[in-house]
Amino acid sequence: MSQSTAVGDRAPATMRAVVVTRPGGLDALEIKDVPVPVSKPGWVRIRVKAFGVNESEVTTRKGESDAEVTYPRVPGIEGVGVVDEADEDSGLRPGQQVATMMGGMGRSYDGAYAQYVSVPAGQVIPFETGLPWEVVGALPEMFQTAYGSLTTGLDLKAGQTLLIRGGTSTVGLSAATIAKDLGATVLSTTRSPERAGALRAAGVDHALVDNGTLADQVCELVPDGVDAALELVGCSVLTDTLRTVRRHGTVCFTGALAGQWTIPDFTPFMIPGGVRLTSYGGQAADLPADVFAHQLQAIAEGRLKVPVAKVYHGLEQVRDAQADLESGTTPGKHVVVLDD
């Protein structure tokens, strides 16, 4: 049985949303009036307050996603807002602050580039914070991916050394700040020397310029190799990343910023003896509500830093946000806030 909305009002019949009706350039992102998602058992309707802009949505807009994505589609793989309607047995109440991400959102069903979004209850994370929506809106996907990679993927512990390859990406910057909060020593990479400052601002202990070969640089700092490495650049450098890790250390493959997801003619003997290779590609459930609450508190106290590149206001600026994301000139998360 569904609850009423927070103030006893019913959601409007239509809403404004960014719709991709056919793959294309930035002009394929069209603002349209579409029906508000209809409530259905086991799902939660959220009034969207903010959402992050991600490479996945650029891929959807260009038509380069897998067959899961069909058109027309409202993109948006993450969002934050307040519960508009939910089943009574969901444990969620109207007006409650929530985050959601992944799970086919914005791909197999309509996502957060809209005033309302409806998602399965299992991928909704409730929270309470006084932080502004522009900060919270940057967090769900990048913090879930970073936290899941460090915990599920690497089982990182206090006192260990971590290498992040692809450090100026949003996940890389988030992983650095979370790893420091866990008590790790962090080495992180950038291809541009001028971005070393962004790494240090995230708490990185050693900023490395990545010229394609890191093993020797890492060995100078940690002669036996790091305890753990987070691979975000991809298979083009994975063999070298494996060489940076000590025996019985672990490499977690999470992303492929350089675009290469496979290794031609791969053989297991490419992996150095005793080094472990795993991967991470988790979902919202990998970021428990208590962990998210801890992260929000750490941000409020200044212990965690949120790498926000730019904040945009209104669906009208989604094209600008995707254009800036594609340009890659500013490290950090691009966040769209839907002002009341």
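Computed over heavy atoms, backbone and side chain alike; hydrogens, waters and symmetry mates excluded. Predicted model, so just to flag it, every value in this text is computed and none were measured. If you read the sequence from its start, that first residue is 1, and numbering goes on from there.
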Please determine whether a side-chain nitrogen of the Lys or Arg among [X] and [Y] lies less than 4.0 Å from a carboxylate oxygen of the Asp or Glu.
| X | Y | value |
| --- | --- | --- |
| Arg200 | Asp205 | no |
| Lys333 | Glu134 | no |
| Arg61 | Glu326 | yes |
| Arg303 | Glu301 | yes |

Euclidean distance, [Y] [atom2] relative to [X] [atom1], rounded to 0.5 Å:
| X | Y | atom1 | atom2 | answer |
| --- | --- | --- | --- | --- |
| Phe253 | Leu230 | CZ | CG | 10.5 Å |
| Met142 | Met101 | CE | CE | 11.5 Å |
| Leu162 | Leu154 | CG | CG | 6.5 Å |
| Cys252 | Leu156 | SG | CG | 11.0 Å |
| Ile77 | Thr60 | CD1 | OG1 | 8.5 Å |
| Leu182 | Tyr147 | CG | OH | 7.5 Å |

| request: List the steps and the verdict of side-chain contact (heavy atoms from CB on, under 4.5 Å) for Leu139 and Leu296. | output: CA-CA 9 Å; Leu139 304 179; Leu296 291 170; 3.5 Å; yes
With a 3.5 Å cut-off and no angle check, do the side chains of [X] and [Y] form a donor-acceptor pair?
| X | Y | answer |
| --- | --- | --- |
| Glu64 | Thr59 | no |
| Gln144 | Asp286 | no |
| Thr190 | Ser192 | no |
| Thr100 | Glu78 | no |
| His334 | Asn54 | no |
| Asp320 | Gln317 | no |
| Thr161 | Asp227 | yes |
| Arg165 | Thr189 | no |
| His313 | Asp339 | yes |

| Under 3.5 Å, side chain of Arg319 to main-chain N/O of Leu29, donor-acceptor pair present? |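 Yes, because the side chain of Arg319 sits within donor-acceptor range (under 3.5 Å) of the backbone of Leu29.
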| Under 3.5 Å, is there a donor-acceptor pair between the side chain of Ser90 and the main chain of Ala86? |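 No, Ser90 side chain to Ala86 backbone: no donor-acceptor pair under 3.5 Å.
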| said: Is any side-chain heavy atom of Thr129 closer than 4.5 Å to one of Val135? | reply: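 No, their side chains stay 4.5 Å or more apart.
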| Given the side-chain rings of Trp43 and Tyr109, with only the six-membered ring counted for Trp, is the space between their centroids under 6.0 Å? |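 Yes.
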| query | Phe143 and Phe292: aromatic ring centres closer than 6.0 Å? | reply |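 Between Phe143 and Phe292, the centre distance exceeds or equals 6.0 Å.
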Could you tell me which non-hydrogen atom of [X] sits nearest to which non-hydrogen atom of [Y], and how far apart they are?
| X | Y | result |
| --- | --- | --- |
| Val186 | Val204 | O-CG1, 3.6 Å |
| Val53 | Ala321 | CG2-CB, 3.8 Å |
| Ala284 | Ile125 | O-CD1, 3.9 Å |
| Leu287 | Val291 | CD1-CG1, 3.8 Å |
| Val335 | Ala138 | CG2-CB, 3.5 Å |
| Met270 | Leu242 | O-CD1, 4.3 Å |

| query | Is Leu131 linked to Leu304 within one hydrophobic cluster, defined over Ile, Leu, Val, Met, Phe, Trp and Tyr using a side-chain heavy-atom separation of less than 4.5 Å? | reply |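 Leu131 and Leu304: one cluster.
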| field | Step-by-step side chain to side chain donor-acceptor pair (under 3.5 Å) determination, Thr21 to Glu30 | value | CA-CA 8 Å; Thr21 56; Glu30 302 180 57; 3.3 Å; yes
| query | Does CD in Glu128 sit with more than 12 non-hydrogen atoms of other residues, nucleotides or ligands closer than 6.0 Å? | reply |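 Result for CD/Glu128: open.
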| Got a sec: does the CZ of Arg246 have more than 12 other heavy atoms crowding it under 6.0 Å? |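 Yes, enclosed.
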